[in-house]
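As structure tokens, the structure follows; a few thoughts come after it.
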Amino acid sequence: MFKKIAFVGAGSMAEALIAGIVKSGVLEPNQIYVTNRSNQTRLQELTQLYAIQSTSDTETAISGAEAIFLAMKPKDVVGALAEIKPFVSKDKVIISILAGTETKFIADQLGMDLSVIRAMPNTSATIGYGATGLTKGAFVTEEQIQLARTLFETVGTVTIVDEEQMHTVTAVAGSGPAYFYYIVEAMEEAAKKGGLNQVDAKELIYQTILGAAEMLKQTDDEPALLRKKITSPGGTTERGIKTLEEHSVKEAIEAAVYQASNRSKELGEN
Ligand SMILES: NC(=O)C1=CN([C@@H]2O[C@H](COP(=O)(O)OP(=O)(O)OC[C@H]3O[C@@H](n4cnc5c(N)ncnc54)[C@H](O)[C@@H]3O)[C@@H](O)[C@H]2O)C=CC1
Ligand SMILES: O=C(O)[C@@H]1CCC=N1
């Protein structure tokens, strides 16, 4: 395993990954460094929570680190790469979790033929249920991608894909949890209008979504078959699904994924 890793950017995704890695014991907390552009309080908070090392000095954070995680927003990446460039060398691996941003762009900005791994985790990593897509840039070794896999597996599953597939991975898995939350928001609203109190509604809806996910995983049945088993002819589900179809919900979801993927491409181009 890496002896030292550094996070550049101390936001919510960085924290989810740090929490998982620390909890797994794959690395000791003192092997993990984090730095941020401005917010000292945030760095102190992460140090207190996870006993990791934090510093506002870029050089201290990344010198000696074999893996450097880029965890800032895509709009901040050019500035961040300029800041870390003096302390980066070809023997390090850069692991970027930025939406859209290509491995080649990162290597070009750093001006060297170095290994760049691109990852797309999601916020469910916070509780160890993340789904991460990983892809490797031109110079990444098999050992480096396997080490990255081990790190991301501390927060959930890892799927290795070709780089051109990362936009779709981002659209279905990176953004994906938000679509389900959106549906849950609508169900909670409807449950309230239907007369359920909030506590009961939450209990019923959360267990329903969890149960549906586990059915998909554990039975290996296709979703269409699982749906068929619920849909009694002339029954309630049939009426519900018909209403979804009248509102073109399937097309809307496909369009959402397509547009999120397009946005990922735009973020890369900008
Ligand atoms: N939030 C999510 O669901 C997911 C986000 N991502 C990606 O993760 C990245 C971070 O997202 P969040 O954690 O949500 O953002 P965030 O806004 O919570 O955190 C970004 C952090 O980077 C810091 N930063 C900005 N420029 C910096 C610099 N030059 N040097 C050091 N630190 C710098 C900011 O101060 C901030 O603390 C984004 O690129 C996003 O595309 C990927 C998967 C899922
Ligand atoms: O919305 C975004 O751009 C980021 C990437 C995937 C999830 N959040």
Side-chain angles (χ1 to χ4, degrees), residues 5-20 33-47 49 52-62 65 68-88 94-103 105-106 109-110 116-127 129-135 148 151-152 155-159 161 165-182 256-270:
I5 65 171
F7 284 84
V8 181
S12 49
M13 263 327 297
E15 180 171 3
L17 295 171
I18 290 166
Y33 280 66
V34 63
T35 185
N36 213 17
R37 189 174 41 188
S38 51
N39 191 340
Q40 270 295 319
T41 320
R42 173 67 176 155
L43 292 180
Q44 282 160 12
E45 188 180 283
L46 293 178
T47 299
L49 279 169
I52 56 167
Q53 310 282 339
S54 68
T55 171
S56 50
D57 180 52
T58 308
E59 183 175 6
T60 308
I62 68 177
I68 300 165
F69 283 76
L70 300 181
M72 71 292 307
K73 296 284 187 198
K75 70 175 173 56
D76 295 319
V77 70
V78 171
L81 290 172
E83 281 161 34
I84 69 169
K85 189 173 172 177
F87 317 112
V88 173
I94 305 287
I95 303 178
S96 162
I97 63 164
L98 276 64
T101 313
E102 287 181 11
T103 55
F105 175 83
I106 292 166
Q109 290 288 309
L110 292 171
V116 182
I117 291 173
R118 181 168 155 194
M120 180 45 58
N122 65 23
T123 51
S124 307
T126 309
I127 56 159
Y129 280 80
T132 299
L134 272 191
T135 198
L151 287 178
F152 282 97
V155 293
T157 63
V158 171
T159 307
V161 299
Q165 297 173 315
M166 283 299 274
H167 298 300
T168 307
V169 168
T170 303
V172 295
S175 302
Y179 311 146
F180 290 103
Y181 298 140
Y182 186 80
V257 170
Y258 181 68
Q259 287 302 335
S261 169
N262 282 348
R263 183 59 189 147
S264 170
K265 287 176 197 158
E266 284 170 16
L267 287 172
E269 283 154 14
N270 295 339

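In each ligand, atom 1 is the first atom listed, and ligand 1 is the first ligand listed. Only a predicted model underlies this, so the values are computations on that prediction, with no experimental measurement involved. Heads up: numbering here begins at 1 and tracks the sequence.
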Would atom 6 (C) of ligand 2 count as contacted, meaning some protein heavy atom under 4.0 Å?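 Yes, at least one protein heavy atom sits under 4.0 Å from atom 6 (C) of ligand 2.
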I need the nearest protein heavy-atom contact for [atom]: residue, atom name and distance, please.
| atom | answer |
| --- | --- |
| atom 1 (O) of ligand 2 | Ser175 OG, 4.6 Å |
| atom 10 (C) of ligand 1 | Ala71 O, 3.4 Å |
| atom 3 (O) of ligand 1 | Thr123 CG2, 3.3 Å |
| atom 13 (O) of ligand 1 | Met13 N, 3.0 Å |
| atom 3 (O) of ligand 2 | Ala99 CB, 4.3 Å |
| atom 19 (O) of ligand 1 | Gly11 CA, 3.1 Å |
| atom 8 (N) of ligand 2 | Gly174 O, 4.6 Å |

May I ask which of [options] has a heavy atom nearer to [atom] than the others do?
| atom | options | result |
| --- | --- | --- |
| atom 25 (C) of ligand 1 | Asn36, Asp76, Asn39, Thr170 | Asp76 |
| atom 33 (C) of ligand 1 | Lys75, Arg42, Arg37 | Arg37 |
| atom 9 (C) of ligand 1 | Glu83, Met72, Glu15, Lys73 | Met72 |

[X]: numbered ligand 1 atoms lying under 4.0 Å from its heavy atoms:
| X | answer |
| --- | --- |
| Met120 | 42 (C), 43 (C) |
| Ala80 | 28 (C), 29 (N) |
| Ile97 | 6 (N), 7 (C), 8 (O), 42 (C) |
| Val8 | 30 (N), 31 (C) |

Which residue in the set Leu46, Ile5, Leu43 passes side chain to side chain contact (heavy atoms under 4.5 Å, CB included) when paired with Ile52?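 Passing option: Leu46.
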In this structure, which one of Leu81, Ile106, Ile117 forms a side chain to side chain contact (heavy atoms under 4.5 Å, CB included) with Ile94?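 The side chain to side chain contact (heavy atoms under 4.5 Å, CB included) with Ile94 is passed solely by Ile106 among Leu81, Ile106, Ile117.
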Please find the pair of heavy atoms, one from [X] and one from [Y], that lie closest to each other, and give the distance.
| X | Y | result |
| --- | --- | --- |
| Phe152 | Ala119 | CZ-CB, 3.4 Å |
| Ile62 | Ala6 | CG2-CB, 3.9 Å |
| Gly133 | Val169 | CA-CG1, 3.8 Å |
| Ala71 | Leu98 | N-CD1, 4.2 Å |
| Met120 | Ile97 | CE-O, 3.8 Å |

Could you check whether any side-chain heavy atom of Val78 comes within less than 4.5 Å of a side-chain heavy atom of Phe105, counting everything from C-beta outward?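 Counting from C-beta outward, Val78 and Phe105 do come under 4.5 Å.
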Is there a side-chain contact between Asn262 and Lys265, using heavy atoms and a 4.5 Å cut-off? yes
Within-cut-off N or O pair, Ser12 and ligand 1, under 3.5 Å: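 Right, the criterion is met.
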Below 3.5 angstrom, do we get any N/O pair linking Ala99 and ligand 1? yes
Test of understanding: given a 4.0 Å heavy-atom threshold, classify the contact between Pro74 and ligand 1 as side chain, backbone, both, or neither.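 Both parts.
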Roughly how far, to the nearest 0.5 Å, is CG of Asp76 from CG of Leu70?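 The CG atom of Leu70 sits 11.5 Å away from the CG atom of Asp76.
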Aromatic ring pairing Phe7/Phe69, orientation class (parallel under 30°, perpendicular over 60°, tilted between): parallel
Quick one about Ser56 and Gln40 (side-chain donor to acceptor, distance below 3.5 Å, no hydrogens or angles considered), yes or no?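 Result is yes, a qualifying pair exists.
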Can a non-hydrogen atom of Pro121 be found less than 4.0 Å from any atom of ligand 1?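 Contact present.
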